[in-house]
Amino acid sequence: MSRRPSRRPLSPATPSREASCERPMPPDGAILALDAMGVLYATGDDVGDLLVPFAHDKGSSAVAAEIEQAYLAASLGQIDAEEFWWQIGLDPRLEDDYLRRHRLADGVREFLAAAGTVFGTVCCISNDVSRWSAKLRRSFAIEASISPWLVSGDLGIRKPDERIYRQAIARLGVPASRLYFVDDRVKNLDAARQLGINTILFDPTGMATETPHLPIRRLGDLLDPRVLALAINDASL
């Protein structure tokens, strides 16, 4: 079997002949599912880059592995946010200080304002602590633009477990072929693609190597249906 050629980020201004002539166009009412960390929010590794440094700045004696273990339990809904902070030796009242270290990714507001011209629904599939997810989307005023929010802390399942994608398909009430999923982690996309979901790698640095997932450098690329057509999962045709 020959290897699948690598895909490179495309600009909607210059769609390839494959997108414009040979590929089917995305269906009306296509549904977009966005990851949160690294797609909606600027930091992809929120635990390593934000949470662990914050905990140590505030005096936690827990080592990184202990913080990560407690976070994993909280993001699966096994412990609540209050218990997470106590487990790493910090007062839960510091939570909002931590959440203020997050920032919205560039272009998100503009994309969400225009997404309705292409997508029937924009939802989110996120690995996160339930309360943190709710606070962040409200503080950045994006909650109303995205629905439903499918958060691991509510579902008890984390990406890349295929069950979270099956729940998304069931919740949305559509076949996998109508769902376009954007994530910055290949392993999360690999699992979704196995179910027939159309997968898109968010790669703002343009450093992606060979991948079966369509790489894009900005969310605005998805507003051109000719570019979006390149993400169509061949297995779903």
Side-chain angles (χ1 to χ4, degrees), residues 32-105 108-109 111-112 121-168 170-172 181-185 187-188 191-192 202 219:
L32 182 65
L34 299 172
D35 173 40
M37 302 304 168
V39 177
L40 290 172
Y41 307 115
T43 303
D45 183 5
D46 54 321
V47 177
D49 292 343
L50 297 179
L51 181 57
V52 171
F54 175 84
H56 290 162
D57 287 349
K58 298 302 181 181
S60 172
S61 61
V63 299
E66 293 171 327
I67 296 170
E68 291 167 3
Q69 183 177 15
Y71 169 80
L72 181 62
S75 70
L76 284 167
Q78 296 170 351
I79 61 174
D80 62 19
E82 297 278 327
E83 179 60 24
F84 165 80
W85 293 111
W86 292 126
Q87 282 197 12
I88 67 169
L90 294 178
D91 190 323
R93 289 176 293 182
L94 291 171
E95 179 171 281
D96 290 346
D97 289 344
Y98 162 65
L99 294 176
R100 279 191 284 270
R101 295 199 174 191
H102 290 266
R103 67 179 181 86
L104 205 62
V108 166
R109 295 189 193 281
F111 173 76
L112 292 176
T121 297
V122 178
C123 67
C124 179
I125 305 175
S126 174
N127 289 341
D128 203 356
V129 179
S130 297
R131 189 166 78 185
W132 298 359
S133 174
K135 284 185 173 183
L136 282 172
R137 63 197 192 232
R138 291 166 188 163
S139 68
F140 287 110
I142 60 172
E143 184 171 42
S145 300
I146 298 173
S147 181
W149 290 81
L150 302 164
V151 180
S152 64
D154 297 323
L155 302 175
I157 309 167
R158 285 174 52 91
K159 298 175 294 183
D161 189 321
E162 71 171 31
R163 292 177 297 167
I164 199 168
Y165 306 113
R166 292 190 184 278
Q167 286 206 24
R171 174 83 174 269
L172 294 164
F181 175 47
V182 183
D183 203 295
D184 63 324
R185 300 196 179 200
K187 66 180 181 180
N188 294 340
F202 189 63
L219 289 176

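Everything numeric here is computed off the predicted structure, so don't read it as measured data.
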Quiz prompt | side-chain hydrogen bond (donor to acceptor under 3.5 Å, both in side chains) involving R171 - partner list, sequence neighbours excluded | solution = none
Exercise. Determine the minimum heavy-atom distance between V151 and S133, stating which atoms define it.
Key: CG2-OG, 3.4 Å
Quiz item: Going from OH on Y98 to CG on L51, what distance comes out if it is rounded to the nearest 0.5 angstrom?
Solution: 4.5 Å
Practice problem: Sequence neighbours left out, what passes side-chain contact (heavy atoms from CB on, under 4.5 Å) with L72? Give chain and number order. | Solution: S75, L76, R158
Quiz prompt | Polar side-chain atom of H56 near backbone of A62 as donor-acceptor pair, under 3.5 Å | solution = yes
Quiz item: If you take all heavy atoms of N188 and Y165, which pair is closest and at what distance?
Solution: O-OH, 2.8 Å
Quiz prompt | Heavy-atom closest pair, residues I88 and A55 | solution = CD1-CB, 4.0 Å
Quiz item: Quick one: side-chain contact (heavy atoms from CB on, under 4.5 Å) partners of R93, sequence neighbours excluded?
Solution: D91
Quiz item: How would you list, by chain and number, every residue that makes a side-chain contact (heavy atoms from CB on, under 4.5 Å) with L155, sequence neighbours excluded?
Solution: L150, I164, Q167
Exercise. With sequence neighbours left out, write down each residue that passes salt bridge (Lys or Arg N to Asp or Glu O under 4.0 Å) with D49, or none if nothing qualifies.
Key: none
Quiz item: Roughly how far apart are R100 CZ and F54 CZ, rounded to 0.5 Å?
Solution: 9.0 Å
Self-check item: Straight-line distance of D96 CG to R101 CZ, nearest 0.5 Å
Solution: 13.5 Å
Quiz prompt | CG-CD1 distance between L90 and I67, expressed to the nearest 0.5 angstrom | solution = 8.0 Å
Self-check item: Heavy-atom closest contact (R185 atom, G44 atom, distance)
Solution: NH2-O, 3.4 Å
Self-check item: Contacts of E143 that satisfy salt bridge (Lys or Arg N to Asp or Glu O under 4.0 Å) - sequence neighbours left out
Solution: R137, R138
Exercise. Identify, with sequence neighbours excluded, every residue that meets ring-ring contact (aromatic ring centres under 6.0 Å, His included) alongside F202.
Key: none
Quiz item: Can you list the residues that meet the salt bridge (Lys or Arg N to Asp or Glu O under 4.0 Å) rule with D35, with sequence neighbours excluded?
Solution: K159
Quiz item: Taking all non-hydrogen atoms of both residues, which atom of I125 and which atom of A168 are closest, and how far apart?
Solution: CD1-CB, 3.9 Å
Exercise. For residues V122 and L34, report the shortest heavy-atom separation together with the two atoms involved.
Key: CG1-CD1, 3.9 Å
Exercise. Answer whether the closest heavy-atom distance between the side chains of P92 and W86 falls below 4.5 Å.
Key: yes
Practice problem: Can you measure from CD1 (I146) to OG (S126) and round to the nearest 0.5 angstrom? | Solution: 10.0 Å
Quiz item: Got a sec, which residues hit salt bridge (Lys or Arg N to Asp or Glu O under 4.0 Å) with D128, two or more places apart in sequence or on another chain?
Solution: none
Exercise. Please tell me if the side chains of L219 and V108 come closer than 4.5 Å, counting only heavy atoms from C-beta onward.
Key: yes
Quiz item: Between the main-chain N or O of G89 and the side-chain N or O of S60, is there a donor-acceptor pair closer than 3.5 Å?
Solution: no
Quiz prompt | Under the side-chain contact (heavy atoms from CB on, under 4.5 Å) test, residues paired with A74 that sit two or more places apart | solution = I79, F84, V129
Exercise. Write out all pairs satisfying salt bridge (charged side-chain N to carboxylate O under 4.0 Å, His left out) with one or both partners inside residues 60-88, taking only residues at least two apart or from two chains.
Key: E82-R131
Quiz prompt | Non-hydrogen side-chain atoms of M37 and N127 separated by less than 4.5 Å | solution = no
Quiz prompt | Expected output: side-chain S139 to main-chain L136 donor-acceptor under 3.5 Å | solution = yes
Quiz prompt | Rounded distance [0.5 Å steps], CZ in R103 versus CG in L50 | solution = 10.0 Å
Self-check item: Sub-4.5 Å side-chain heavy-atom contact between Y71 and V52
Solution: no
Practice problem: Only counting residues at least two apart or in another chain, list the ones meeting ring-ring contact (aromatic ring centres under 6.0 Å, His included) with Y41. | Solution: F140
